[in-house]
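So that the names make sense, note that chain A is the first sequence line, chain B the second, and so on, each numbered from 1. Only this structure's heavy atoms are used, side chains among them; waters, hydrogens and symmetry mates stay out.
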Amino acid sequence: MTTEPATAARPRGARFDPSSYEARWRATWEADGLDVARDDDPRPKRYVLTMYPYPSGDLHIGHWYAATGPDIVARMYRMQGFNVMFPMGFDSFGLPAENAAIDRNIHPAIWTNANIEKMRAQFRTMGAMFDWSREVVTSDPSYYRWTQWIFLQLYKAGLAYRANGAVDWCPKDQVVLAREQVEGVDRRCWRCGTPVIKRDLEQWWFRITNYSDELLSFDGLDYPEPIKLMQTNWIGRSEGAEIDFPTEPDDVEAIRVFTTRPDTIFGATFMVLAPEHPLVSVLTTEDRRADVEAYTAAARRETEIERMSTEREKTGVFIGAHAINPMTSERIPIWIADYVLPGYGTGAIMAVPAHDERDYAFAERYGLPIRHVVAPRDGGVAEGSAYVAHGEDEVLVDSGAFTGMAAADAIGAITKALEETGQGSAAVTYRQRDWLISRQRYWGAPIPIVFCDEHGAQPVPEDQLPVVLPEDVDFAPTGVSPLQGHAAWQATTCPECGGPARREADTLDTFMDSSWYFLRYCSPDKSDGPWDRAATDAWMPMHLYTGGAEHAVMHLLYYRFFVKALRDLGHLSIDEPTLKLRNQGQILGADHNRMSKSRGNVQAPDELVDRYGSDTVRAFLMFIGPWDQGGPWNPSGIEGIHRWLGRVWGAALPEEARRSVPSAPDAEGEELVRALRRITHATIGEVTEDIEGFRFNTAISRLMELTNAVIREREAGLAGTPAYAEAVDTLLTLMAPITPHIAEELWHRRGHEGSIHRAAWPDADPALTASDTIELPVQVDGKLRDRLVVTPDTPAEEIERMALASEHVQRYLAGRAPMRVVQIPGKLVNVVTPRD
RNA sequence: GGGCGAGUGGCGGAACGGCAGACGCGCCGGCCUUAGGAGCCGGUGUCGAAAGACGUGCGAGUUCGAAUCUCGCCUCGCCCACCA
């Protein structure tokens, strides 16, 4: 295998002109299979992945930005001797295809495939080392067959279930959403931004909450702190107690509440149930029934936004019944109020107005008793508003046998007392809900379930997968799945009895497709299973995964859940999909808004690539700032990168440079050689660390500095010396991951055989980076006043003597003796003057 | 309301508690050009002729020494938000 250009006539022009070689090298690399990762390659494997895109039809500058970072890291790993897999594919199911299809009267499959084809071509101009031989397209039946298979595995394991309940519905997209896919204070659809409403529907769910606790653990994972924090908050684990309050008059059934503050139970002066609570209709007394039903009906009509608003005044009604406080035996009234949410905890609370702001507001409004049971240890009670502190400095008051106990201890003590009498127990609740996976749209994988009148919901037998999407469907959104209208497709037989049955018409959330695509890349062509276990064992977990932080509590939670569930079902040997996660920042439009076609602020890379070449665009994007920061698009400065590459060109081809006469190795020349080798080897270490740490902007500035040094030395007559050749070859090698084309072109022009991308990543020689002399800043009272040039082994006493002898220092000492002299060896000297 | 993060030249941004402003853009000057929106060289935080003084959102503190650590404010961004 060779990496010589495929074309026989290779242009030998001296001018820096990326268009003369970039496309040629891409063709050569592809023909040579440079980027194809082989399972049988004996070198240690590293799997690097960037989140695959949705095939919207156009690659914009944000795609380049996102993909170039991990491409650089993957390329460096390859040069460091790893067998690197860096695949790419398309997240091709989803609403935009369907909406575009409706607008243009074209089938989603045709629209999607055309976009994929276009984007593949655009992606190729990046020169990224994508292994296209492993490409995955999630809307392809050969892929979604296994998406359906995974659904069935979870279903059989009891991790998928069908349930009726209030769900979030996007009225514009005409589809339900998972809780994670509703964003912001005003609860908008993650895709289109329309405020969602609640609907009662029977839907399919995944029991992701079975894994809430395990998902809270990030042991051994190198994830950005904000992602860990967001996931932790989203899962929202709360420790407390569940307590049963018997009810009057008949104690039909006790009301179970969840509280994080069992220490305040002596202050529970009433109870509040969510209007939806099942016991409401049972407990409501006849005289209160009309009011209660009116309130419940009103609560149902409210939008989620209204109901969740903290601004709003609290409302509720008394249901006529009473409960018994198990600690005080006191008879307390039961109310319903919409500030108690049906989906959290038990949907019922013990209200402790003295120590909870919400209960306080409610009690104030309805004249309910407020009893303080926690007070500062040093006396005094915060009257008038809820007092919520409960640490070591607070003690229980008016709390029976527990009076005087530190509030921090009382939580455990009261929980224990309740446990002993069987009235309660320690409990943990989570804010996270199960994952709603049904979708009422066409362009997704059909849920592989059939309904039989006799046998109910039945899984489609695995040997009948995939359940293929029919093509002749009227997919205009109507609020029910378009497949519902396709009688011929829906009609099937029950796998249990062979009788007539009807297919589930909803499709699977496209987030399900993206929850396992990284597994498919390991063995994309496997036809008798979703993946080859030997391949996933060899490649997984991913060494590095990159993508946008906007997926913090969606994709990045789901894919962890999938890996854990599939592990427990015996299909994987790993606990986590990736060891290391990095988020790129977002490139905004020049107007500081998100790039979108409707705003007209989308920056296409094509025009820039035509003008400057891929390398310049790649390097410029990586140079504008820290990769995880992003920022508004501003092309000013791209010229600077282009100039830099032009200077590298000139430096690398000294025979074509203006002054390139090698000088005789005199003493001055030897010092220049040492200086050049010093910066060359220092740059190796710095660039390696910067790339490893995703600091591409500083990596590039180091490379620019090395370039500047090389050119300076060339002007000083060093061209043609071994040190010069070392510097240039090192520069090209270090640049290769960032600007792969020019590095390759110059590598070959300088006479090297084989691709630079198969060359070894250089090692820094520490002996060469050490300097003969160091420059020590001399401060007086922390301000720079002078500099000393000394050898590294100069004794401290000598340095101190020299520092004090400095006339600049003497001026500030004004004849006085220094109070002290601080020396940081090799770093600086600070002379401290006497204080008056 | 809660949580997290960020405020540094005209701009993007550098800076293990140790020389603030690396690198680049822009700008200014020069060279080369018939010309230049090309290329090359030099300068460029502010004030000041200079010596020097002052400078990292504001105010305190810790330290020999703070852009960096602590506390309090201000501004901006993101996440969560009646979660018991």
Side-chain angles (χ1 to χ4, degrees), chain A residues 16 183-187 224-234 236-238 240 257-262 264 268 272 274 307-314 337-341 343-352 355-359 361-362 429-433 549-550 552-553 586 592 619-620 623-626 629 631-632 634-641 643-644 646-647 650 658 695 697-708 711 715 775-787 811 818-824 826-833 835:
Chain A
F16 167 55
E183 295 180 334
V185 192
D186 37 6
R187 303 185 51 72
E225 287 302 323
I227 298 289
K228 291 196 268 188
L229 195 68
M230 276 192 262
Q231 294 203 348
T232 302
N233 291 342
W234 185 261
R237 181 188 155 101
S238 286
V257 302
F258 173 75
T259 179
T260 55
R261 295 291 305 278
T264 62
V272 187
R307 177 153 178 183
M308 303 286 264
S309 167
T310 51
E311 311 295 309
R312 177 164 163 267
E313 198 161 4
K314 301 209 171 355
D338 62 8
Y339 80 91
V340 174
L341 307 173
Y344 182 77
T346 61
I349 62 161
M350 63 174 202
V352 185
H355 305 294
D356 182 282
E357 286 175 28
R358 297 152 301 184
D359 297 345
F362 194 78
T429 329
Y430 302 88
R431 302 173 57 165
Q432 185 179 32
R433 312 289 168 82
E550 67 273 15
V553 296
Q586 208 168 51
H592 292 59
F620 174 61
F623 185 64
I624 54 181
Q629 189 177 298
N634 177 1
S636 84
I638 195 167
E639 295 281 354
I641 294 288
R643 282 201 279 266
W644 167 51
R647 286 153 59 77
R658 289 180 298 147
R695 294 181 297 271
N697 56 331
T698 51
I700 292 169
S701 37
R702 308 274 184 223
L703 291 168
M704 288 172 167
E705 285 178 302
L706 178 56
T707 307
N708 293 342
I711 289 172
E715 297 302 307
E775 194 183 67
L776 283 185
V778 179
Q779 299 180 330
V780 176
D781 293 332
K783 289 192 170 146
L784 178 72
R785 298 304 180 191
D786 202 0
R787 293 163 198 282
R811 178 167 358 144
M819 196 167 79
R820 61 186 278 210
V821 177
V822 180
Q823 272 201 53
I824 309 299
K827 276 288 191 184
L828 59 57
V829 186
N830 188 18
V831 177
V832 186
T833 62
R835 304 276 157 97

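Rounded to whole Å, the distance from NZ on A:Lys827 to P on B:A15 is 13 Å. Between the CD atom of A:Gln629 and the C1' atom of B:C78 there is a distance of 13 Å, given to the nearest Å. The interatomic distance linking A:Asp781 (CG) with B:C64 (P) rounds to 11 Å, in whole Å. Between the C1' atom of B:C79 and the CD atom of A:Gln231 lies a distance of 13 Å, rounded to the nearest Å.
Under the rule for a salt bridge (charged side-chain N to carboxylate O under 4.0 Å, His left out), A:Arg647 has no partner lying at least two apart in sequence or in another chain. Applying the salt bridge (charged side-chain N to carboxylate O under 4.0 Å, His left out) test to A:Arg785 and every residue at least two apart in sequence or in another chain returns nothing. Every residue two or more places apart in sequence or in another chain that forms a side-chain contact (heavy atoms from CB on, under 4.5 Å) with A:Thr260 is listed here: A:Ser238, A:Phe258. Considering only residues two or more places apart in sequence or on other chains, A:Arg431 meets the side-chain hydrogen bond (donor to acceptor under 3.5 Å, both in side chains) condition with none of them. Residues passing the side-chain contact (heavy atoms from CB on, under 4.5 Å) test with A:Ile624, sequence neighbours excluded: A:Tyr65, A:Ile587, A:Phe620. Residues that satisfy the side-chain hydrogen bond (donor to acceptor under 3.5 Å, both in side chains) test with A:Asp359, not counting sequence neighbours, are A:Tyr339. By the salt bridge (charged side-chain N to carboxylate O under 4.0 Å, His left out) test, A:Lys228 pairs with A:Glu225, sequence neighbours left out.
Shown here for A:Gly826 and A:Leu776, the closest heavy-atom pair between the two residues is C-CD2, 3.6 Å. Annotation for A:Leu341 and A:Ala274: closest pair C-CB, 4.0 Å, computed over non-hydrogen atoms.
Sequence order on RNA chain B of the closest nucleotides to A:Val822 and A:Asp359 puts A:Val822 first from the 5' end. Each of A:Arg811 and A:Gly347 lies near RNA chain B, and the nucleotide nearest A:Arg811 is the one positioned closer to the 5' end.
With a 3.5 Å limit on both pairing distances and Watson-Crick or G-U wobble geometry required, the stems of 3 or more pairs in RNA chain B span B:1-7 with B:74-80, B:10-12 with B:23-25, B:26-31 with B:39-44, B:45-47 with B:52-54, B:57-61 with B:69-73.
Just one residue in the list A:Ile641, A:Ile638, A:Thr698 forms a side chain to side chain contact (heavy atoms under 4.5 Å, CB included) with A:Phe623, and that residue is A:Ile641. The only option from A:Ile349, A:Val257, A:Asp338 that meets the side chain to side chain contact (heavy atoms under 4.5 Å, CB included) definition with A:Val272 turns out to be A:Ile349.
Residue contacts shown for A:Thr429 are absent, as no nucleic acid heavy atom lies under 4.0 Å away. Counting any heavy atom pair closer than 4.0 Å across all strands shown, A:Ile824 reaches a base atom.
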Each nucleotide of nucleotides 22-27 of chain B classed B (base within 4.0 Å of a protein heavy atom), S (only sugar-phosphate) or -, in 5' to 3' order, makes BBSSS-

Tabulated below should be each protein N or O lying under 3.5 Å from an N or O of nucleotides 2-4 of chain B; please produce it.
none

All N/O pairs under 3.5 Å across the protein-nucleotides 68-70 of chain B interface:
none

Between the protein and nucleotides 54-59 of chain B, which nitrogen or oxygen pairs come in under 3.5 angstrom?
none

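Anti is the conformation of B:G45, whose glycosidic angle sits further than 90° from 0.
Panel note: side chain A:Asn830, backbone A:Gln823; no donor-acceptor pair is recorded below 3.5 Å. Judged by distance alone, with hydrogens and angles left aside, the side-chain atoms of A:Gln231 form a donor-acceptor pair with the main-chain N or O of A:Ala552 at under 3.5 Å.
The shortest distance between the side-chain N/O atoms of A:Gln779 and the OP1/OP2 oxygens of B:C19 is not below 4.0 Å.
To the nearest 0.5 Å, atoms CD (A:Gln779) and CD1 (A:Ile824) are separated by 9.5 Å. Note: A:Trp644 CH2 to A:Glu639 CD = 15.5 Å, rounded to the nearest 0.5 Å.
Heavy atoms from other residues, nucleotides or ligands lying under 6.0 Å from CD of A:Glu357 number 12 at most.
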